[in-house]
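Below is one structure, written out as structure tokens; the observations come after it.
Below, chain A is the first sequence line, B the second, and so on; all start at residue 1.
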Amino acid sequence: MTQAHAQQRLDPVEMLGERFAAAIADAFAGKLEGGAVDPLITPSKNPQHGDYQSNAAMPLAKTLGMPPREVAKAIVEKLDLGDLATPMDESSIAGPGFINVRLKPETLAELVGELDRPGLGVKAEEQQTIVVDVCGVNLAKQMHVGHLRSTVIGDAMCRTLEKLGHTVIRQNHVGDWGLPIAMVVAKLQSEAKAGRIDLGKVTLDDLDRLYKVAKQESSADTKGLKAVERFQLGPKAQAELEAQVAGANEALEHAKQTLVKLQSGDAEIVALWQKLYDVTMGACLETCKRLQANITAKDSAGESSFRDQLGEIVQILLDKKLAEEDGGALVVRNEGLEPTLVRKSDGGYLYATTDLAAVRKRVKQLGADRVIYCVDARQALHFKQVFATAKKAGFAHKIGANEDSTLEHAPFGMVLGEDGRPFKTRSGENVKLSDLIDEAEQRAAVISTEKNPDLAGDERQKIAHTVAVAALKYADLSSDRIKDYVFDWDRMLAFEGNTGPYLLYTYVRIRSIFRKAEEQGIVAGYESAALAINEPEEKQLALVLLRYPATVASVARTLEPHRMCGYLYELAGTFSRFFEHCPVLKAETDVSRLSRLRLCDLTARVLADGLDCLGIQTLERM
RNA sequence: GCCCCGGUAGCUCAACUGGAUAGAGCAGCGGACUUCUAAUCCGCAGGUUGCAGGUUCGAGUCCUGCCCGGGGUGCCA
């Protein structure tokens, strides 16, 4: 038996699918046009209906013009499930034509045994090179909850894709270029010259503050001025606003000049920019590390790295007659979309231009078959425009490929506070990601002290960190990413419900069994013990375990990590019920004890592997 | 104005992309601990899936039109 064949036998859905497909082809030979019929096998929701079911009869009834139960009957008559399942007959058909299957206990044991391998049954897919846009920090800005989502969700996608054998390249598209950055550079320069800031000691907090000041200073209150003029609010108000507007225009002009210097490689300005870059990225990568997100310096690919290609990109668009002039600017028009601005009337480029260059690099240089953007949902229109334009311009065509690489936006919603408005501090500032992690750790330490006072201080700190990060990340991953989600400390750190801590706790309980088993000297030999799936709780556990490989695949397909969370939560719950009803160490027979130990071990490994897909680490104790 | 995304139990969320009686957790009520870590488990109660039509053997899921909320919308990124 080949490895591939051994793997193929693993998933009951596929195994049953093959048998059902054969039965359908046999039963309706000559009556069905065009290829194989999907046997529509799915695990049964309700154990009363069996373990698996085929829903194929109903849609077939339509094309065949027969009553669905007749179709089901004809399928069952031709069905050869061999020794996989208990015998099938008319009583296997229910409702409008569901065909219910119950696996034999021995078959179930064999399948679980096959799952119990190093890869846990996860099948390597046809290998692709996949570029994932993650994190997306901006220079001189603290990371906030928006970056948390891109980082955590993006990293989870990457890990899941890697688990399936793909080559994943993370790209942190750092916002490190353009007028806003030049504004901060200009401000940093003037502050340093005035002796108000020490360039050797500058922190991200300093830069964040300068950013806000600079932005404030260079945004002219022309609306205010117009209002004052229109409503004649007095010479004093008018003079103040005129001064503000004049000052802002001056600051803006200065920033533009700084940008020109930066672009032309002025040594002093470039050094200041480099300072900005180093300070920001140092803090960003440190935060990624604390979050156990696998994003490092080598993944950084800032907007600045495309600065010399923007003219060329636009030239290609012109050569291909895709870009046209409109009001002095250059736009690309795509069917059903707003025009995409790729060059301003003053000759400057826009973020669409940079993103087009990035698509080209990712596909042609990095060799991406699939490019995924884990970015805020508000960018949806922007990405539609970029993708459409990139495809027309040939930027999405991988060298030697037959078709364009897929470009996908995996959007996520906002993080809201308990009041339902964007998550901010009381004073209306964005919450710093590093502060968020600090607070999560403090809260986790308090809870840990309450629940398990015997732990040593340093172990508690370690546990608090792991639990805090798990709670924070899991909260972000466990609901459908497209929706906004409500940030709630108590809920994410709760040990009941669909939370990180609950899953960690389940894992810890299993590990505890093995410590105890070792103390009692009864741990040997469970790895290869015969599995005895007899009790209903054992059976349910086995059935849930078998769904793991398909779950990994579905997360990779849909880019929805919350499916993994839902699965792991169900696994943990099913295990807890098993654990409640089926004594392990005190099992009645040696055979049963070893079998259950093996189930425990397998469950722990699936939990750990699934959490690893999400970028969450496990613990031995908590 | 146009486009995109949401609307499911009092609250926070699921529902394997059209399948059987819409499921969890919290909050409420009632049970099970000299434990394999009770940070758990069992039970009760809680629903016109925003509204109205339509397609289908079957709709929370698909199509149309409304209502509510959020977001986006050529010279910021």
Side-chain angles (χ1 to χ4, degrees), chain A residues 13 40 42-46 48-49 53 55 58-59 61-62 67-69 94-98 100 136 138 175 177-181 219 303 326-333 336-346 348 350-352 354-355 376-382 384 411 413-414 416 418 420-422 447-448 450-452 478-480 482-486 488 490-491 494-499 501-502 504-506 508-517 520 547 550-551 554 558 562-563 565-567 569-570 573 576-577 579-586 596 600 621-622:
Chain A
V13 171
L40 297 173
T42 166
S44 299
K45 272 184 198 158
N46 187 339
Q48 285 174 354
H49 296 136
Q53 66 190 64
N55 299 333
M58 286 81 78
K62 179 127 185 146
R69 286 189 70 106
F98 301 109
N100 293 322
N138 300 296
W177 206 243
L179 194 58
I181 305 301
S219 58
E303 293 174 346
D326 189 336
L330 277 181
V331 298
V332 177
R333 298 185 192 281
L337 293 174
E338 306 287 318
T340 312
L341 206 55
V342 294
R343 195 177 70 194
K344 296 190 281 184
S345 49
D346 68 1
L350 296 108
Y351 75 140
T354 310
D355 270 324
D376 193 336
R378 285 175 294 191
Q379 307 283 337
L381 173 60
H382 166 68
K384 272 187 188 168
M414 287 186 298
L416 306 178
E418 284 170 70
R421 298 192 311 182
I447 295 167
S448 167
E450 253 172 49
K451 307 275 188 188
N452 197 346
S478 57
S479 62
D480 195 347
I482 191 66
K483 297 183 181 175
D484 295 344
Y485 92 90
V486 178
D488 182 331
D490 293 330
R491 195 163 44 244
F495 292 80
E496 53 275 317
N498 191 6
T499 68
Y502 172 71
L504 290 183
Y505 174 65
T506 305
V508 162
R509 284 169 93 196
I510 301 176
R511 297 306 305 148
S512 176
I513 298 167
F514 283 90
R515 274 197 302 277
K516 196 137 282 186
Q520 297 175 15
R547 281 166 35 204
T551 302
S554 93
T558 60
H562 81 285
R563 290 165 182 264
C565 298
Y567 170 79
Y569 179 52
E570 194 179 337
S576 291
R577 281 184 283 280
F579 195 52
E580 196 77 18
H581 291 100
C582 303
V584 177
L585 298 179
K586 290 175 191 157
R596 287 175 182 174
C600 287
R621 235 194 297 267
M622 62 192 276

Mind checking if [X] touches a base, just sugar-phosphate, or nothing, with heavy atoms under 4.0 Å?
| X | result |
| --- | --- |
| A:Pro68 | nothing |
| A:Glu570 | nothing |
| A:Phe579 | base |
| A:Lys516 | sugar-phosphate |
| A:Gln48 | base |
| A:Arg515 | base |
| A:Pro411 | nothing |
| A:Asn100 | base |
| A:Ala94 | base |
| A:Met414 | sugar-phosphate |
| A:Ile482 | sugar-phosphate |

| task | Classify the glycosidic conformation of B:U12 as syn or anti, calling it syn when the angle lies within 90° of 0. | result | anti
| query | Syn versus anti for B:G10, judged by chi lying within 90° of 0? | reply | anti
| SG of A:Cys565 to CG of A:Asp480: how many Å apart, nearest 0.5 Å? | 11.5 Å
| query | What distance do A:Leu585 atom CG and A:Ile513 atom CD1 have between them, rounded to the nearest 0.5 Å? | reply | 6.5 Å
Can you identify which nucleotide, out of [options], has its nearest atom closest to the [X] side chain?
| X | options | value |
| --- | --- | --- |
| A:Val584 | B:C36, B:G19, B:U40 | B:C36 |
| A:Met58 | B:U73, B:G25, B:G19 | B:G19 |
| A:Lys384 | B:C36, B:C4, B:A39 | B:C4 |

| Considering all heavy atoms, the nearest A:Pro411-A:Ala377 contact | CB-CA, 3.6 Å
Would you please confirm or rule out a distance under 4.0 Å between OP1 or OP2 of [N] and any side-chain N or O of [X]?
| X | N | value |
| --- | --- | --- |
| A:Lys62 | B:C57 | yes |
| A:Tyr502 | B:C41 | yes |
| A:Lys586 | B:C36 | yes |

| task | Mark up nucleotides 8-16 of chain B, 5' to 3', with B wherever a protein heavy atom is under 4.0 angstrom from a base atom, S wherever such an atom reaches only the sugar-phosphate, and - elsewhere. | result | ----SSSSB
| field | Sidechain-backbone polar pair: A:Asn452 side chain, A:Met622 backbone, donor-acceptor under 3.5 Å | value | yes
| message | For A:Glu303, is there any backbone N or O sitting under 3.5 Å from a side-chain donor or acceptor partner on A:Thr354? | response | no
Only pairs with both distances under 3.5 Å count, Watson-Crick or wobble alike; so what is the partner of [N] in this structure?
| N | value |
| --- | --- |
| B:G10 | B:C26 |
| B:G60 | none |
| B:G1 | B:U73 |
| B:U40 | B:A32 |

| message | Once you measure the plane-to-plane angle for A:His382 and A:Tyr351, does it fall in the parallel (<30°), tilted (30-60°) or perpendicular (>60°) bin? | response | parallel
Pick out the pairs of N or O atoms, protein on one side and nucleotides 75-77 of chain B on the other, that lie under 3.5 Å.
residue, atom, partner, partner atom, Å
B:C75, O2, A:Ser345, N, 2.6
B:C75, O2, A:Ser345, OG, 3.0
B:C75, N3, A:Ser345, OG, 3.2
B:C75, N4, A:Gly327, O, 2.6
B:C76, OP2, A:Lys344, NZ, 3.1
B:A77, O3', A:Glu303, OE1, 3.0
B:A77, O3', A:Glu303, OE2, 2.9
B:A77, N6, A:Tyr351, OH, 2.4
B:A77, N1, A:Tyr351, OH, 3.3

| said: Whether the A:Arg563 and A:Thr558 side chains hold a donor-acceptor pair (N or O, under 3.5 Å, no angle test) is what I'd like checked. | reply: yes
| Would a 4.5 Å heavy-atom cut-off, applied to side chains only, mark A:Leu504 and A:Phe495 as touching? | no
